Engineer: 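Quick one: structure below, then a few questions.
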Amino acid sequence: MSEQARTGTSRGGCAMSRRRFLSTASSALLGAFALGADRPAVAADEGLAEYLDLAGFRPRPTVTVREAVLRFPPPYWLGWPGTAYDLEGHRRQYAEAFAQAARRVGVELRAEPGPLESEQAVNRLAQELRAAPPDAVLLSLQHMGAWGWADRLARLGVSTIIFAPIGTAFTGHVLEISRRPGVHVVSSLEMAAVEQTLRMVRAKRQFEATRLLVVAGDQRRETVVERLGTKVRYIPRRRLHELFARMPETEEALSVAREMRGSARRIVEPTWQDTVNAARSYLTAKRLLHEEGANALTTDCLGMVTAKLVPTPPCMAASIFQDGGVTYGCEADVFGALSLMLSSYLFDKPGFMNDPVPETVKNLLITSHCTCGTRLNGLGGKREPYILRSHSESNLGVSMQVLWREGQRVTLVRFLGPGDVLVDTGTVVGNVDTPPAGGCRTDFEIRMDNVEDARDVLGFHQVVFYGDHRRDVEAFCQMYGLGVAHSPERAPRREDA
Amino acid sequence: MKPLTCLSVLGLLVLARASGASSLDLLLGVPDMQPSWADADGALHEDWGVVALGLEDPAGAPAVSRRYEVSPVPTAVTETAAGAVTLTTSAYRAPVWPAGVDVLTARLRNRGAVETSARLQVALPERVGLGDRVGSLGARPVLALPAEPRPVRRELDWGCTGGVVPMPGWARPEGECDPAFRNIRAGMGGVPIIYRFAVPVGAERTVFLGLCESHWDAPGRRPVMLYAEGAPKAEIDPIAAWGQHKPGCLRFDARDADGDGRLQIVVAPHPQAEDKNTILNALWVFSPDVYVDTRDVLAGRASAAAEYYVDVGGEKDQLLYGSGPVTYEITLAPGAEQELCFLVACAGGSVPNPEATPWTPVSLRRAAEDVWGDWFARGARVALPPALMARWNGALARIMMTRAQADDFYAALPEYGLPDRFSHAAAARMILALDLTGHGDEAERMLRGYWDTPVPGPLAFLGQDADGRWRDPVEDPCAQGCALQALAHHALLSGDRDWIGRAWPAMERGARWLEETRDGALEARRAAAVGLLGAARVAALLGLADATRIEERARELDPRADWESTGAEDEAPVARAAAELVAMRRALVAEREGAVELLAGLAGDWLEAGALSAEGLPTEFGPVSLTVRRAPKALRVTVRLGGERRPEALVCHLPEMDGRKAVGARADGREVETGAGGEVGITPVGGLHRVDVLYP
């Protein structure tokens, strides 16, 4: 059974959540219904008003990491890390740091009771890892000579993190193993790097535990994406707009509308009713996830707007979702949604899925779309300023112009397919307003790193998020067998025939 | 059905013609995707043809056993034996993105005491062109062979090793050039294009590769790497070199460097290419004795002089291997086993590139178990002896694999893809089975066409006309009653006021239509009466005055109609399985005249495992959960009533255990009288009750 069923993010059991059994007293029912003896006066869509906690949709699978310290029996005489090195002090210090990191990330860290100092001990651990593979194993080295053991354990096929604090490795030790698929080496004193590796392991499990709803077309089916293990369930598009049509203006909807308007720096086009509709769109999306037992969604929003099936695109809803750590992607783009999940699961940051626009005079990339999360610094963190605008292409409803911080380092990612990730980095130069520009509302310029000409930036619907995380993304890809691509550094030259 | 190639006359698998009744037993799929099926001999039937595994030597006997495993994944398992060798084939659907793939596994085992050789044959439609590891039907890869062992293959003098797609007419070459430049083979997803040519051992040859890029118009998008054996590799970006639509040739002084008598040519994706789909338009191999000018090759003036001239993707092209079945020679030590895993394209899909796919037999199985596991988990949790669980889950799986869909409307079909065989009577059983086992959501989906309009065209066959009559392709006179009964059951079991409010107008129209029924055979009148009784119950629950009138009319039509009746037995296996599931469910928990009855149909073999349980079975009184545990002289029955509304009575039937009749019972710790029918009654006052059934 999948994690989906185990963690209870689907309803499981008898579908009861929005169903309430009719009481025996028909008189009581009559009282609750509208008038008319011959017409069933049923309170329309009462069940849809039930509150659903957005946070409950973010997958929280059980993640288990075994931890072991590898060293030679002390006391040391010569050899790195050196006789003066406080072995036990550092072992305790790092153990505590790892435990705290694991708690923050939400990972169960199972540490060996003592350091492994012999072939027998390493063999015992190897047997246990083979018999009951955890999600990863974290090996902490306390002697340069322990690399052989680390190498042997890393070859077992369990995702392996090797923490080699400064003093336990030369370049030669890490040269091959640090580039091996399924392995990540942290040769550093930076504890944040170890925490990120735990987040990496958690992210992979979160991908596996995710059911992504693709609301598009007219068919229902469910498949599983290779390597990531994410379940992708397609459901007919009409499910969404029909549900939206029935979604009442609940207290929750009104509260969300008030809050979004109240926190906005400015409100340009959207009326109060627009905002209430946008809030209903948010409730609709939650309801749909709940009914389908899903954790993320991407919808044919543009198609619904084009066909005038909804009074507002789901941009504001998508923004709230992203801020809550639950992916809501645009335009039924499966790999766009997976890319949004990458920033959310791997870095706990909302990503911005966008259309890439060349600024050829300043040689910048402009990233542009009508929805964006606001808590760009991290889930649960402070919001960046935003302006409520209408959806640019249709001038309908509510969309988000989020103002990105100038000078902010950013990372761009995009799944090119199930097995390859495009990753680039850059720096935010400034925001672009509409007008004078056309196009989408959230619009900002990026000076790209290592890309000579912004016209050559690869991909479409890349996801941008705060921070320079190129190496972290590459590490994740290496750990889980994903290919990595970058936009070309040099503009291609046309050769004479 | 296309004939298969080269089935041994010594008795390989005999392929049964697809017939409705037999195919249903071995349906393979996942919910809402077109299923495949395995026939009596284990051959896999797909939309493009049939794949069969068989023992050629020693001569295989017809299937000696066949079973259909449903949990955790519908899987067809067939076993044949020939001498000491047994061949077990299993087939199931793996729900890989985007369209799924069927997994066909052959496990050979030597049960003898001496080493034995076996020849396993994979029979395919003639039209399938087989490369190194991929069999394709036109541009569609339909079969992936395992990496090991390698099959016994007959190599032609030259050809492509496969896995790449011929695309005639793809390119638009400008200027005078060989006509081959109009066509290509394409290696989608970075699959290299590989050709091999027979040459004398160690021979030298002059090779020309022709390329013409007609998709990209800018350099840097699709550079490729070119390898001709014995020559330095080359990189070329056709746009940078020649421009869009401009054909070009590169020359290689090649040599059979490894002395295998074959010259290998490879076109591979450039590591920095944005577009990793490889292309190749034309290929020439010349003897070194022949003087060749590149311009002549480009213009097509040298093709006649070539030892090999390949119009890649066009008419002068071929695969390296001859067509026909694929044969594996397997040697097995005593007691040894070997397993081969094949991927087979299912409807709407193709097989992934076996050289590049990360899918393994283990991860494929896990994906199938995850999807099915999640689906089963949404229903009531039931634990019964394995044979009964197989029937329980098997019925549910069949219903989900055969149903039709169109834009969020769904129809319970007695057989996949045959809407003209839809019948409301059969559908009612399937929908009720879903409702009673906790899959109310699925039941609701399948009822939408009964009350909502407009019904999409593909499912219009089940909709309701303006006069209240539901259409029924098989013109079953019981259809109307069955449709109304299905709606009523869902209303009462779900208690979903939102849904009832939306569906009631259609139910009311249907009831009025039935009320006007005057003639008809008893069976039709009974079905009408049953439907009207259901509608009356819903109307009563809604507090409508119509309820009395509707019930009275039902009694006029048939005073003996039973609201819980499931009607006459259906021929369609999936409907029969659904009816059996309903009966199984009611054997555990049933509702009758305001009471909840427990264990009314429990047979002795149900208690073989020592315990059984059911959690959250839907009833009109809310969910009911039940556990039954054996003790040497007693059965302990625990029941939990989860709804707000209490039944008037809880009736527990006292089943026989090991051939022994019950001699008494205690309810909630107190001795109780046993009724004439061998049951005890409890007035439920709380949610939890216990009955201890006593045996001598």
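In this text the structure is predicted, and so the values were computed from the model without any measurement. Numbered from 1 within each chain, the chains take letters A, B, ... in sequence-line order.
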Engineer: Can you tell me which portion of Phe409(B) sits under 4.5 Å from chain A's heavy atoms? Options are side chain, backbone, both or neither.
Structural biologist: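 Just the side chain, heavy atoms under 4.5 Å.
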
Engineer: Applying side chain to side chain donor-acceptor pair (under 3.5 Å), name anything that partners Asn277(B), two or more places apart in sequence or on another chain.
Structural biologist: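 Side chain to side chain donor-acceptor pair (under 3.5 Å) list for Asn277(B), sorted by chain: Asp275(B).
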
Engineer: So, for Gly217(A) and Asp407(B), which heavy atoms are closest and what is the spacing to 0.1 Å?
Structural biologist: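 Here Gly217(A) and Asp407(B) meet closest at O-OD1, 4.2 Å.
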
Engineer: Show the numbers, then the answer: is there a side-chain contact (heavy atoms from CB on, under 4.5 Å) between Ser487(A) and Asp456(A)?
Structural biologist: CA-CA 7 Å; Ser487(A) 295; Asp456(A) 298 316; 5.9 Å; no

Engineer: Check side chain to side chain donor-acceptor pair (under 3.5 Å) between Asp135(A) and all other residues, then give those that pass, not counting sequence neighbours.
Structural biologist: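 Asp135(A): side chain to side chain donor-acceptor pair (under 3.5 Å) contacts with Arg205(A).
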
Engineer: In terms of relative ring orientation, are His439(B) and Trp375(B) parallel, tilted or perpendicular, with 30° and 60° separating the classes?
Structural biologist: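 The rings of His439(B) and Trp375(B) lie parallel, inter-plane angle below 30°.
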
Engineer: Under 4.5 Å from any heavy atom of chain A, what part of Arg93(B) do you find: side chain, backbone, both or neither?
Structural biologist: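 When you check distances to chain A, no heavy atom of Arg93(B) falls under 4.5 Å.
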
Engineer: Answer yes or no: does atom CZ of Arg365(B) have more than 12 heavy-atom neighbours from other residues, nucleotides or ligands under 6.0 Å?
Structural biologist: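 Buried by this count: over 12 neighbours within 6.0 Å.
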
Engineer: Counting only heavy atoms closer than 4.5 Å, note whether Gln405(B) contacts chain A via side chain, backbone, both or neither.
Structural biologist: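 Contact with chain A: backbone and side chain both.
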
Engineer: Quick one: what part of Ala406(B) sits under 4.5 Å from any heavy atom of chain A, side chain, backbone, both or neither?
Structural biologist: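 Backbone of Ala406(B) only, per the 4.5 Å heavy-atom cut-off to chain A.
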
Engineer: Does Arg414(A) make a cation-pi contact with Phe460(A) (under 6.0 Å, within 45 degrees of the axis)?
Structural biologist: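 No; the conditions do not both hold, so Arg414(A) does not lie above the ring face of Phe460(A).
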
Engineer: What is the minimum heavy-atom distance between Arg238(A) and His241(A), and which atoms define it?
Structural biologist: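 Minimum heavy-atom contact is CA-NE2, 3.2 Å.
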
Engineer: Considering only heavy atoms, which portion of Arg366(B) lies under 4.5 Å from any heavy atom of chain A: side chain, backbone, both, or neither?
Structural biologist: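 When you check distances to chain A, no heavy atom of Arg366(B) falls under 4.5 Å.
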
Engineer: Find the one option among Pro31(B), Pro98(B), Ala368(B) whose heavy-atom pairs under 4.5 Å with chain A are most numerous.
Structural biologist: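 Sorted descending by pairs with chain A, the first entry is Pro98(B).
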
Engineer: Can you say whether Arg549(B) sits under 4.5 Å from chain A via the side chain, the backbone, both, or neither, judging by heavy atoms?
Structural biologist: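 Answer is neither: Arg549(B) stays 4.5 Å or more from chain A.
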
Engineer: Return the option, out of Trp97(B), Tyr410(B), Trp359(B), with the maximum number of heavy-atom pairs under 4.5 Å with chain A.
Structural biologist: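 Most pairs with chain A among the choices: Trp97(B).
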
Engineer: When only pairs under 4.5 Å are counted, which of Glu222(A), Arg233(A), Arg237(A), His486(A) shares the most heavy-atom pairs with chain B?
Structural biologist: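 Sorted descending by pairs with chain B, the first entry is Glu222(A).
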
Engineer: Could you tell me which portion of Ala539(B) (side chain, backbone, both or neither) has an atom closer than 4.5 angstrom to a non-hydrogen atom of chain A?
Structural biologist: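 Ala539(B) has no heavy atom closer than 4.5 Å to chain A.
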
Engineer: By a 4.5 Å heavy-atom criterion (distance strictly below it), what part of Val232(A) contacts chain B: side chain, backbone, both, or neither?
Structural biologist: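 Contact with chain B involves the side chain of Val232(A) alone.
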
